[in-house]
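The structure under discussion appears below in the form of structure tokens.
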Amino acid sequence: MEYKFTEIEEKWQKYWEKARTFRVETDPEKPKYYVLDMFPYPSGAGLHVGHPLGYIASDIYSRYKRHKGYNVLHPMGYDAFGLPAEQYAIQTGQHPAITTENNIRRYREQMDKIGFCYDWSREVRTCDPDYYKWTQWVFIKLFKHWFNKSTGKAEPIALLIEEFEAYGNERVNAACDKCRKFNALEWKAMDEKEQQSILLNYRLAYYADTMVNWCPALGTVLANDEVKDGYSLRGGHPVEQKKMKQWLLRVTAYADRLVNGLDGVDWSDSLKEIQKNWIGRSEGAVIKFKIIPAGNETNDNPAIEVFTTRPDTIFGSTYMVLAPEHELVPQITTPEYQRRVEEYLEQAKKKTERERISDVKTVSGQFTGAYAKHPFSGDNLPVWISDYVLAGYGTGAIMAVPAHDSRDYSFAKHFNLPVIEVVSGGDISTGSYDAKEGLLINSDFLNGMDVESAIKKTILELEKKGQGYKKVNYRLRDAIFSRQRYWGEPFPVYYKNEIPYVLDEEELPLVLPEVDSYLPTEKGEPPLGRAKNWKTSEGYPLELSTMPGFAGSSAYYIRYMDPKNNNELVSKESNRYWENVDLYIGGTEHATGHLIYSRFWNKFLFDIGVVCKDEPFKKLINQGMIQGRSNFVYRIKNTGKFVSYGLKDNYDVTPIHVDVNIVNNDILDIDLFRKWNTEYSDAEFILEDDGTYRCGFAVEKMSKSLYNVVTPDDIIEQYGADTLRLYEMFLGPLEQSKPWDTNGIDGVHKFLRKLWKLFHHEQNEPQISDEKPSPEELRVIHKTIRKIEEDIEKFSFNTSVSAFMICVNELTSLGCNKREVLADLVILLSPFAPHIAEELWQILGGESSVSNVRFPEYNARFTVEESIQYPVSINGKTRMKIDFPADFDKEQIEKEIMKNETVLKYLKEKPVKKIIVVKSRIINIVT
RNA sequence: GCCGCCGUGGUGGAAUUGGUAGACACGUUGGACUUAAAAUCCAAUGAGGCUUAAAACCUCGUGCCGGUUCGAGUCCGGCCGGCGGUACCA
């Protein structure tokens, strides 16, 4: 009987499904383990071999944990709302739900063929109303909560209202937008509209005017993490800055907890670093500079608030700069500068985000005519506007210190503004001195201090004068949460008097309505503007935007714990049992999006008592990307002749991408090539000496247009799923990016056939011996048990595959077909190659599935060596190997080694200074 | 520019965490089997030297230069190159 992988794999996939092998329920008797994959967006192209890399790794770990006695939750689902299906709908008129459904079916077929141990009864789809009901529910909760900075957590808006009624907002320390102070009487005197507008400033989900990334081509706004270098991440369309009224999530309220929480999770340093940088916490001070209006000075002047991390340099501040969009600009500009300021604003506005980024070097700006008063020296500082100051960061205004900030320096030089050195140690005639080393000079009461104490002293003095305070600032912005698109979750929001209200929880889900077209309306409203009766039963209009992609993925890992629950997002019991994700595997591209948002959602749900853990993902592994490996043929220019790789340098050639599926080990299948494209049906070839056509290759993105896409289906058809699984792991370390190169796959497939042969000694019939294994056989298998267990624990799956190969090679040369040994081997292998393992387990007489069998125990007794081979070095150079009994101690070895003839030969009678013996490792003789 | 990660044979990659560099596999070469091919099996395979040949032996070798150490792919300092993140963030 030969190894018929297709039959075997279909047989066991059916068995698992029928026997419900991988269904899990909460089971207080067993320890739990939660293994999660980042669920895919089901695209029309289907899976290529790069996609399952992480899924295979997590599957191996899940199966391993099951063998170790854990109750393993290992679910899968679909991130099913999103732009591609909608773009396709716009082009073809086909409802995105249909496209999505078809794509999901294809994904499922592909995944099933790989033999994953998912509990599919827990599948979730973000576009399913039973699922997005809970996305909407969390949104309502966010709307009904505010962040209390004093307690450091979310609290109900209802309690905030009670506080307002008793004391106004004077005692409240909230994460909120600028809000004027009021007392209880004032609050009570307000009408509902006014009260609601104020409350919006506090809600964690709020509706506000804000600068947004507007993408005209996609017809929607985008979050910061969806934009890169001024282009949309999806589609690569230009993005511009625009002020619009939008829904936002107050992620910034949690900025501190998002940074601090990173210390407690087992993620890679690089990923933590990316998140820390994205959140961008910096400590500094807010300082107020009073405006001096020309002529009539009063006490009630407006003040410019700046944020700085270097308050110590305040005496070096020689001018101020506001962002062009700063709200004080029109108010403070003096009449004589009015026209020039307006011109500058116009010019700045015209610049796209893209131009602003690429144009960093050009200095531009405009004086407003206004002056601000230095809080200590009383000097008049000219107030400028310039687009090198960003409206969205800090307060949108700076005190410029040209001597100690490179941007201020080039601005000051360009416009001939004074430069005052206040920290010694640099040479300000050539450039700014930004370092924090040096003593303060030219700085009144700060003179002689170091930077660190000067910062503290300055803040203290500012606070005394009421002109400033210590402040932590973040680069992170609140997340823009609305999209002017169709295929997403509708907001459970209606408008009354232009004020947004949320629906009652009982009214959920608010189901996405049908529309006649997926384009914006003529009035420029989002597609939901076309929906009939899109209003509440009382007739109030519903929100027309939908939620962004990250809405549905922000709590899906929680829903898997209790996916069918119609009364709660997750039951207390399920959540208390499964807690949070023990192992999360997915791509690093979600570092600043999903992985921030879901941590934010989770922390909020923790605050309101829905989940029991503050962090969602305990351990996270980023699998590397699988790149494509393209093949080329070389056409001699202006001919139909193709020259092989080794000879191409003798001709003037054009490299042409050729489908990697008609190339084997870089050798082109010429017949298939002629059929591949009619253009080449008459192609002629100049071949290598051995009569083959050799292709060139390059590592590129895996993409249809480069003809380098390899699908798991192709590999499975040719080699089987077990080979695919092993080969993806064998390719290299999980976290490393690498090109897909089918060239090595034969070796892995050969290994499985060799394994099969161990069980089928003579003429292909199964043949298992019940004899007691020899010590050597036991040594081989126990060595492997230890190695595999260690490797799986550290996710080093490529080395496990090698260890299996070594084991099978050794057992083959020992001629071992002992049941005891082979049974252990099959269990070890079953997480990696589950189908062949089940089949061989059955041959061994195992009942039911091997996946429920206990992992073999490593027994050190079997791997003890009687003697140890020591490499012997003379002065660090390995010269020979000598065996010593394993129980020899250092002294015995030292004594024996000096009797060895070869050693004496090398020493040439030189005196020995020192002998270093590292037990069971090495001997080094120093002369 | 700043931050993080990484540089090992023709190729993918190993290396007990400071202890025999190149495991395992691909590829290549030679051989066996076969009418032949495929498949399979066996052997060799870092570079160079010595030798009629083999065994044996020697030198060099983990991006480059230097350091610590009995001993460095691994630790430290400085460079060079690649990948990823971020970018007027005050």
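Here is the naming used below: chain letters follow the sequence lines, and residue numbers restart at 1 for every chain. No experiment lies behind these values; they were computed from the predicted model shown.
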Subject >> Touch class at under 4.0 angstrom, heavy-atom based, for P733(A) against every strand present >> reply: sugar-phosphate
Original post:
Taking the side chain of I916(A) as its heavy atoms from C-beta onward, which of rG19(B), rU86(B), rU20(B) lies nearest to it?
Top reply: rG19(B)
**OP:** May I ask you to verify whether the side chain of R921(A) and the base of rU16(B) hold a donor-acceptor pair under 3.5 Å?
**Re:** yes
**OP:** Select base, sugar-phosphate, or nothing to describe what R281(A) touches, counting heavy atoms under 4.0 Å on all strands.
**Re:** nothing
Subject >> Contact check, side chains of I882(A) and I923(A), non-hydrogen atoms, under 4.5 Å >> reply: no
**OP:** May I ask you to evaluate whether R879(A) reaches the phosphate of rC58(B), defined as a side-chain N or O under 4.0 Å from OP1 or OP2?
**Re:** yes
**OP:** Ignoring the backbone of M805(A), work out which of rC24(B), rU40(B), rC26(B) is nearest its side chain.
**Re:** rC24(B)
Subject >> Candidate nucleotides rC88(B), rC41(B), rC70(B), ranked by approach to the side chain of Y388(A) - the nearest >> reply: rC88(B)
Original post:
If you look at every strand shown and take non-hydrogen atoms under 4.0 Å, does E790(A) touch a base, only sugar-phosphate, or nothing?
Top reply: nothing
**OP:** Return the nearest nucleotide to the side chain of P871(A); candidates are rG4(B), rG12(B), rU20(B).
**Re:** rU20(B)
Subject >> Shortest side-chain distance from T308(A), nucleotide among rA90(B), rG12(B), rU20(B) >> reply: rA90(B)
**OP:** Classify the nucleic acid contact of K881(A) as base, sugar-phosphate or nothing, counting any heavy atom under 4.0 Å across all strands shown.
**Re:** base
Subject >> Rounded C1' spacing from rA14(B) to rA21(B) in Å >> reply: 10 Å
Subject >> Side chain N924(A) and base rC70(B) donor-acceptor under 3.5 Å >> reply: yes
Original post:
Salt-bridged, E2(A) to K4(A), with N to O below 4.0 Å?
Top reply: no
Original post:
So what's rU11(B) paired with, Watson-Crick or G-U wobble, going by both distances under 3.5 Å?
Top reply: rA25(B)
Original post:
Any chance CE of M625(A) has more than 12 other-residue heavy atoms, nucleotides or ligands included, within less than 6.0 Å?
Top reply: no
**OP:** Would you indicate, yes or no, if rA14(B) has its OP1 or OP2 atom less than 4.0 angstrom from a side-chain nitrogen or oxygen of N798(A)?
**Re:** yes
**OP:** Would you mind classifying the nucleic acid contact of I398(A) as base, sugar-phosphate or nothing, using non-hydrogen atoms under 4.0 angstrom?
**Re:** base
Subject >> Residues that K783(A) engages under salt bridge (charged side-chain N to carboxylate O under 4.0 Å, His left out), provided they are two or more places apart >> reply: E810(A)
